[in-house]
Each structure stands twice: as structure tokens, then as C-alpha cells.
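Letters A, B, ... mirror the listed sequences (proteins, then strands); counts begin at 1.
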Amino acid sequence: MSRFYITTPIYYVNDAPHIGHAYTTVTADAVARWHRLLGDDTLLLTGTDEHGLKVQRAAEENGVTPIEQADVTSKRFRDVWDEIDVAYDQFIRTTESRHHHAVQELLTRAKDNGYIEKGSYAGYYCVSCEAYYTESDLVDGNCPVHERPVEWFEEENYFFKLSALEDELTDWLNSNTVFPDGKRNEALGIVKLGLEDVSITRTSIDWGVQVPWDDDHVFYVWYDALINYATAAGFGSDEAEFDKWWPEAHHIIGKDILRFHCVYWPAMLIAAGLQPPKEIHVHGFLLLGGKKLSKTGLTQIAPADLVADFGVDGFRYHFLRDVSFGPDSEFSYEGMVARYNSDLANTLGNLLSRVTTVVAKKCDGIGPAPQLDSPLAAVAAESYRTAADAWARVQPSVALEAIWNLLRETNAYLEQHEPWKLPEGSDEVKTVLGNALEVLRLAAILSSPALTRAGEAIWAAIGLEGSPLDQRLPDAAAWGGYPGGLSVTKGQPLFPRLKVDNGS
RNA sequence: GGCGACGUAGCUCAGCUGGUGAGAGUGCUCGACUCAUAAUCGAGAGGUCGUGGGUUCGAGUCCCACCGUCGCUACCA
């Protein structure tokens, strides 16, 4: 059996979950769902990053312990994922003991291999922030947060010898592992400019993973966080499990963390004697009016608000269909409404309505079987090929476009044959409606990575037992699977049209 | 300052290693239909492919410069 391991970044608990997080996570979830349809043994991982100064400080402000603080904020992410049908297999928290073990084990191996050594870190330090700043961070020579003078500080730290791995990283990046190409080139560019060793431990805080060979230090939050992908696969706790999953690791990330994932992370793995990830897929930003979602813009758009207006399916469909995975993408409420109405309400929802109505009128509500040599069969086959290829390349928008092309062809097919005008119960009317029902069966299955709920509703409406999620590709995508003789029922509109307003 | 990305129909975007008259969806106009969620189908209008050069028999697709937007990076006061 094939295996498929896919991850989202783990999100920093201090951030409020927003549509940027949701976009990444829904994409990973949809790809995972496609692989489950293929019958792959699939592991979808998401989680929260819970160490570091900011969490420690937030806890102090709230008068709770760091872990209590993290318990509350981590749950916010799980709640949102539940709201938008993200079916993760594991939700990892960096505060779990298995993760501490994994971090210590991985970095100890890197140290044993000679890639970690003690050095001294020097920089401008703000006592109030308890943090270092580079000269370019300073505002008029002062701390950018407190606007007070900084001090020149030096402390002993452990450094990761990134500079020693430039050749290995270049080779790895050239081996077809980072997508799309433009993002791979960015990573190559970073390596090409020359890598400096990086400080990976801190003595100034204690909310983190203890450095096993030196009690005074904890690992800097980034180097602890990245290792979550290995932890969840079993590193440090179940080596057999790790060996099983790790070769199939696919990371989905936003371009803001490209450097950490496409340079530092593979370097850490190489240093520890492990294999770098199989593939990293990097997406762009969601833009509001041409500008990157600012912190305020981001937090003003809560996933729950959009779900309230568009439903779970409408929410997921927008991000999967309207956003081209890779480049930056424009986000607009009006765009969401337009896409929802045209694709979900009109093309798909209305197709189901008209077919079920005509089956009721012309076939006594019993759905006929499709014609094996239907002209729609070729269209369906092409749609499937395109979609399968697109999901494999992590291009959900292309996959969904292919499925909707089949739906549009089906609407045209109905127009051409006008089953509502054909004699009741005739062979002709059965042929036409059987073909349309077959398309709906296919759509229920093939759209299910995006539409987690409509698929089930269509399935039931055309009289099929079970769930489209139980179907297995590619067999289930073969034309002719609708058996006929099933009771077809017209229900409420699948996706009621939305009136255009300015949103809120 | 260095490196890089992007700039294609009103809008959102496709356009692989250069080659028949530049595409999709949406929006708009006209027509058809009325089974259906004022849905559907057909036809049409609409683009100097940021600007200016260059390479080529031929460039949206390669090269250079410039403009615009954005990002990363720099022991730049």
C-alpha cells in the first residue's frame, strides 16, 4: 500500500487563527483527502508551536503558567479545524514530552556528527524585551519596541554549522524537492549567497526544550519547532514508524517561512544523518487590495465569520478553487460570493436540482443507469486525468476546474437533449438522465476533498448507499458506476444563491 | 546597495522546453429555453500580453534597460 505523509506548519499559539492559517491547512487537508480516496495510508499532521519568549511573557501577563497559557491558545486552532472539517490524523504540540525527546535526540545526533559547537553570540540586547536585535532592527539606535537604548551583550551559545552544508543543500534543492520552481530558485539563491552558522540555543529564557548536554540552555524556538514533523512520524519514540512515514514527508508552507523549511530544516536533517523531506510545496500570500494581509487585516477576518456566510463547503471551495497554489492571490469577499454563486449554486447545485426534478417527472423518481458509450464518458475521463495529475502536483485549483468543466458540459448536454420534453419512461429519457446521474456520482466523489459535505448530500440524493468517501480511485472514477434503479429524491437547494452585498 | 518575484481582456487568473488568427471563469450585450436555485444553453463585444530596445524566419514565452508593485538580504550612521 502506498503511504502519504503531509504536514502543515505548526502555528504559533500566540497568533489568533486566521484565514492565512486556514488556507494552508485546508489545502493540506484536501490533498490528504485525495490520497485517502486513492487508498493511500495517509497521515495528515498539524499542530501548535508553544515555546519561546512570547508565550512565556503572555503567560506572565495573564498570571498563569506557560503551559496553561498554551493549553488555552492551542485549543483555538483545534476548534477552527473542527469548524472547517480539517480531518487531521495528528495534532502535535511542541510541549509534548515525545517532542522534547525527539528534539534532544535529533540535535544530539547533529552534535555527535560535529555540526553543533559552542560559540559566543553578540548583539544589541534590550533588557526589557530580553531579546537581541540586529543593528538594522533598531530605530534611531533604540529598541524598536520600547524605544529605549539597547546594550551590547555577548553570551555563550551553541551554533549550528549551517555553513558546512552548502553543497549538500544545493544538491538536495536541485533534486526536484521544492515546488513551484520559482520558490526552489529562491531557496537556491539563499544558499548561493552564502550561509552563516546560526545560534540555536538561549540561556535567557527557560520555556523551551532543554539542551541535553548543557542545563543552562534551551533550544531556540525555531529549531525546536521544525522537528515536530519528525516527532509526529515517530522519531525518538518509534523508529520503525519513523522509517515507515518519513520517506513520504510532504510539507505545505507559506513563502514567509521558506528559509527555515527549505534551507535550515533539510540542513538539520542532513546534520543528524537523516533524509531531508521528500517534497516541500510553497504557497504565496493572500492579498487584500494588493497588499499582504496585515496583522489587523488578518485578525479581522475570522474563519468562523466566513463559514457563517458561505458554509464549510463554500469556505473551503473558495480557497481551493480561487487561489492558485504558488503565487500570491487576491482575496475578496465579493470574489467569494461570485465564485460561490457561479460554481456551487449555479453549475453544481442547480444541476442536481434540475436532474432530480426531471427524474421525478419522467421516471417516477427512479434513477436510470447511464449509457456506457455516452459522449460524456470521454469528458469525464479527461476530467479525472487532469484532476489526478493536479492533486499530485498540489494544484487544487486546477483539479477542481477540471471537475467543473465536466459539470458545465453536462448542463450543455441536458440542453442539447432536453429530457423534460422527451416521453415519460422512454429509452431516450432514461439514457439522458442516467448519464447526468452518473456525472453527479462522479462529482460527489471527485469534489469531496474540497466539498466535505455536499458530496454526501449528492450521494444520498441520487439514491446511493454509504458515502463517497468509501469509494476508491481510480476504479470509482470509471464511467458507468451508477447502477440505476435507485430512488432519486429532490431535496432543498444544495447551495442557496447568495445575494450580493458588501459583506461585513 | 545586492539578489529575486510579479506586471496578460472591467475583475480574478491560465498560458510547458519560443511557432496555426492570445485563453478560461466571471462581468457586459444579444438571442434561445423555461426541467432547474431570476438557474441553463448559444452567439458576440472586449487585450499596444507594463514601457523601450535586442536576438530570431518567428517572442506574452529568451536577453538588456527602464517604470511600477512586493519580498528577501546587507558588520550600509
Side-chain angles (χ1 to χ4, degrees), chain A residues 122-124 134-141 152 180-196 254-260 262-263 282 284-287 289-294 318-319 321-363 386 389-390 393 395 397-398 400-402 404-405 407-422 424 429 432-433 436 440 488 490-500:
Chain A
Y124 293 103
T134 63
E135 193 161 344
S136 59
D137 290 331
L138 302 180
V139 179
D140 296 327
W152 182 257
D181 289 348
K183 297 296 191 289
R184 189 193 65 207
N185 288 335
E186 266 187 55
L188 276 167
I190 290 170
V191 177
K192 203 173 166 186
L193 281 174
L195 299 174
E196 294 189 359
K255 69 179 185 181
D256 51 328
I257 51 178
L258 181 148
R259 166 182 294 268
F260 283 100
C262 300
V263 180
V282 187
F285 292 143
L286 298 178
L287 308 177
K291 294 187 173 177
K292 180 188 173 185
L293 282 178
S294 66
H318 166 74
F319 288 109
R321 170 62 187 87
D322 253 349
V323 178
S324 181
F325 189 96
D328 289 351
S329 176
E330 204 65 46
F331 173 86
S332 82
Y333 190 92
E334 293 71 20
M336 264 186 100
V337 172
R339 180 62 74 181
Y340 174 97
N341 278 338
S342 77
D343 284 13
L344 299 182
N346 298 350
T347 303
L348 174 58
N350 185 56
L351 176 64
L352 178 66
S353 290
R354 66 198 306 212
V355 170
T356 51
T357 298
V358 182
V359 168
K361 288 185 179 173
K362 298 290 182 177
C363 300
T386 303
D389 176 64
R393 293 182 295 115
Q395 293 291 313
S397 66
V398 176
L400 293 172
E401 184 181 27
W404 259 256
N405 184 51
L407 295 172
R408 279 190 294 270
E409 290 287 339
T410 304
N411 274 318
Y413 171 82
L414 289 178
E415 215 61 40
Q416 212 172 80
H417 295 277
E418 301 184 303
W420 45 90
K421 287 185 178 173
L422 295 171
E424 187 175 334
V429 86
V432 174
L433 292 174
L440 287 167
V488 171
K490 179 174 169 70
Q492 292 299 109
L494 207 51
F495 297 103
R497 271 185 73 84
L498 296 174
K499 277 186 284 185
V500 184

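Side-chain nitrogen and oxygen atoms of Lys421(A) include none within less than 4.0 Å of the OP1 or OP2 phosphate oxygen of rC33(B). Distances shown here put every side-chain N or O of Ser353(A) at or beyond 4.0 Å from the OP1 or OP2 atom of rA39(B). Taking 4.0 angstrom as the limit, Arg339(A) places none of its side-chain polar atoms (N or O) nearer than this to OP1 or OP2 of rU26(B). Between Asn346(A) and the phosphate of rU40(B), there is a side-chain N or O to OP1/OP2 separation shorter than 4.0 Å. Side-chain nitrogen and oxygen atoms of Lys490(A) include at least one within less than 4.0 Å of the OP1 or OP2 phosphate oxygen of rU37(B).
Within 4.0 Å (heavy atoms only), Ser329(A) reaches sugar-phosphate atoms of the nucleic acid but no base atom. Using a 4.0 Å heavy-atom distance criterion, Leu494(A) is classed as a base contact. Across all strands, Ala412(A) comes closer than 4.0 Å only to sugar-phosphate atoms, never to a base (heavy-atom distances). Residue Gly349(A) is classed as a base contact, given a heavy-atom separation below 4.0 Å to a base. Arg321(A) comes within contact range of no nucleotide atom at all, as no heavy-atom separation falls under 4.0 Å. Using a 4.0 Å heavy-atom distance criterion, Lys361(A) is classed as a sugar-phosphate-only contact. Heavy atoms of Gln416(A) sit nowhere under 4.0 angstrom from any nucleic acid atom. If you check every strand for non-hydrogen atoms under 4.0 Å, Pro327(A) touches sugar and phosphate atoms only.
The gap from the P atom of rG44(B) to that of rU51(B) amounts to 28 Å, rounded to the nearest Å. Across rU20(B) and rC28(B), the matching C1' atoms stand 30 Å from one another, rounded to whole Å.
A donor and an acceptor atom sit less than 3.5 Å apart, one in the side chain of Asn350(A) and one in the base of rA36(B).
Side-chain N or O atoms of Asn341(A) include one that pairs as donor or acceptor with a backbone N or O of Leu498(A) at under 3.5 Å. Of the possible donor and acceptor atoms, none in the side chain of Trp404(A) sits under 3.5 Å from a partner among the backbone N and O of Thr347(A).
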